[in-house]
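All remarks here apply to the structure that follows.
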Number of protein chains: 2
Amino acid sequence: MRLFKSSEYAIRSLVYMAVSGIEVCSVKTLSDALDIPYKFLGRLMSRLGAAGIVTSQQGKLGGYSITRPLHEVHLADIIDVVEGLESYDRCILGFETCDDKNPCPLHDQWSGHKDGIREMIDNVTLADLARSDCKRI
Amino acid sequence: MRLFKSSEYAIRSLVYMAVSGIEVCSVKTLSDALDIPYKFLGRLMSRLGAAGIVTSQQGKLGGYSITRPLHEVHLADIIDVVEGLESYDRCILGFETCDDKNPCPLHDQWSGHKDGIREMIDNVTLADLARSDCKRI
DNA sequence: CTATAATACCACCCGGAGGTAGCATATGCG
DNA sequence: CGCATATGCTACCTCCGGGTGGTATTATAG
Ligand code: SF4
Ligand code: SF4
């Protein structure tokens with residue numbers, strides 16, 4: 001019932017970049033501000049760059065910047081890059097094939113929550129998170 | 001967003017014992033019927049026995065039986081024994097200390113789902129699952 | 001040219017989940 | 001009794017997420 005640490009790091013980093021207003025943000029800055037291991041975050045941001053979520057700029061004063069407008073970056077986009085969306089499509093008892101006619105014993109109680117969570121990560125964007133003006137990132 | 005394999009195994013085994021009507025069910029029977037590794041399930045059932053969920057009987061014709069009435073065995077009881085409930089109390093971004101006055105950026109969108117899931121595993125019992133009369137276990 | 005910062009490798013380490021093998025122990029039944 | 005069945009327990013294995021360290025390359029601002 002939790003995101004991978006990598007997904008947490010990715011979301012927190014992107015929210016920080018969004019609310020801090022820093023256009024080009026170095027990994028060092030993010031690592032210090034959010035207390036995330038530098039090398040680990042470096043690899044993670046590189047992957048986000050390869051996926052097109054962020055754009056990298058090398059050299060002095062270089063760093064990462066968010067490619068698209070904030071309201072176009074959905075949570076599902078980030079999670080998909082970092083850990084994949086399999087666990088959000090698959091279900092609580094882990095059956096591979098799953099049809100409503102032959103459900104698992106938990107279907108009635110679970111499928112509502114599953115759909116709600118999936119809808120949440122599909123719809124919530126970085127703009128929503130940045131708007132929530134909480135100090136804790 | 002998924003149970004541990006061990007929790008899946010435990011829930012499926014208990015549901016099988018509930019719907020099959022077998023009073024004393026051997027690990028071999030469960031392992032064959034549900035396609036769960038024999039030795040692995042043996043250890044798991046042993047843990048459920050130590051926790052009081054099931055009662056064991058050794059020797060020929062031995063096996064496990066569910067200790068309490070079905071409507072008194074909640075999903076949360078099983079999950080607590082197998083994988084613990086930490087991930088259902090903690091939250092999506094993994095912050096240790098968490099108060100409503102200083103929430104994380106996802107609080108508004110997430111806490112509803114979290115509470116709903118927690119309520120589900122607290123309230124749903126084996127009796128509910130056995131009643132759902134689905135063939136797939 | 002120099003300092004800074006990303007990029008690309010590498011080789012490890014740790015802990016936990018999932019799974020396997022072997023042996024000891026208890027017990028019903030012929 | 002003696003054997004087959006079934007639990008109980010310890011040790012070991014693999015895989016993966018998370019994390020550290022190093023080294024070298026490329027790009028860029030000043
Ligand atoms: S809860 Fe429903 S959708 Fe999920 S695995 Fe079970 S039957 Fe399929
Ligand atoms: S979503 Fe709410 S309850 Fe969960 S960690 Fe964030 S602030 Fe805490």
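Just so you know, these numbers use all the heavy atoms, side chains as well, and skip hydrogens, waters and symmetry mates. The sequence lines fix the lettering, A, B, ..., with proteins before strands; numbering per chain opens at 1.
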ask   = Between C:dA6, D:dG8, D:dA6, which nucleotide has the shortest distance from any of its atoms to the side chain of B:S56?
value =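 Closest of the options to the side chain of B:S56: D:dG8.
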request  = Among the candidates D:dG30, D:dG8, C:dA6, find the nucleotide nearest to the side-chain atoms of A:V27.
outcome  = C:dA6
request  = Starting at CG of A:L75, measure out to OH of A:Y88 and round the result to the nearest 0.5 Å.
outcome  = 9.5 Å
key: Inter-residue atom distance B:T125.OG1 - B:R131.CZ, 0.5 Å rounding   =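 Answer for the OG1-CZ pair, B:T125 versus B:R131, is 6.5 Å.
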Round to the nearest Å and state the distance from [X] atom [atom1] to [N] atom [atom2].
X: B:Y64; N: D:dT5; atom1: OH; atom2: P; value: 18 Å
X: A:L61; N: D:dA29; atom1: CG; atom2: P; value: 7 Å
X: A:E86; N: D:dC16; atom1: CD; atom2: C1'; value: 14 Å
X: A:L44; N: C:dA8; atom1: CG; atom2: P; value: 14 Å
X: B:R47; N: C:dA17; atom1: CZ; atom2: C1'; value: 11 Å
X: B:M45; N: D:dA6; atom1: CE; atom2: C1'; value: 13 Å
X: B:L41; N: D:dA6; atom1: CG; atom2: C1'; value: 13 Å
X: B:R2; N: C:dA17; atom1: CZ; atom2: P; value: 14 Å

task = Using a 4.5 Å cut-off on heavy atoms from C-beta on, say whether the side chain of B:H71 contacts that of B:L126.
result = no
Side-chain heavy-atom pair A:I66, A:T55 within 4.5 angstrom cut-off =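 With C-beta onward as the side chain, the pair stays apart.
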ask   = With a 4.0 Å cut-off on heavy atoms, is B:E83 in touch with a base, just the backbone sugar-phosphate, or nothing at all?
value = nothing
ask   = Under 4.0 angstrom, heavy atoms only, what part of the nucleic acid is A:G63 near: base, sugar-phosphate, or nothing?
value =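 Touches sugar-phosphate only.
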key: Of A:S7 and A:K60, the one whose closest DNA chain D nucleotide lies more 5'   =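 Going by which nucleotide is closer to the 5' end, it is A:S7.
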query = Quick one: ring pair (Phe, Tyr, Trp, His ring centres under 6.0 Å) partners of A:Y9, sequence neighbours excluded?
reply =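 Result, ring pair (Phe, Tyr, Trp, His ring centres under 6.0 Å) vs A:Y9: A:F40.
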request  = Take nucleotides 19-26 of chain D nucleotide by nucleotide from the 5' end and write B, S or -, depending on whether a protein heavy atom sits under 4.0 Å from the base, only from the sugar-phosphate, or from neither.
outcome  = BBBBB--B
request  = Would you please say whether a donor-acceptor pair under 3.5 Å links the side chains of A:S65 and A:E23?
outcome  = no
inquiry  = side-chain contact (heavy atoms from CB on, under 4.5 Å), that's the test. Do A:E119 and A:V124 meet it? Break it down for me.
reply    = CA-CA 8 Å; A:E119 196 187 319; A:V124 172; over 6 Å; no
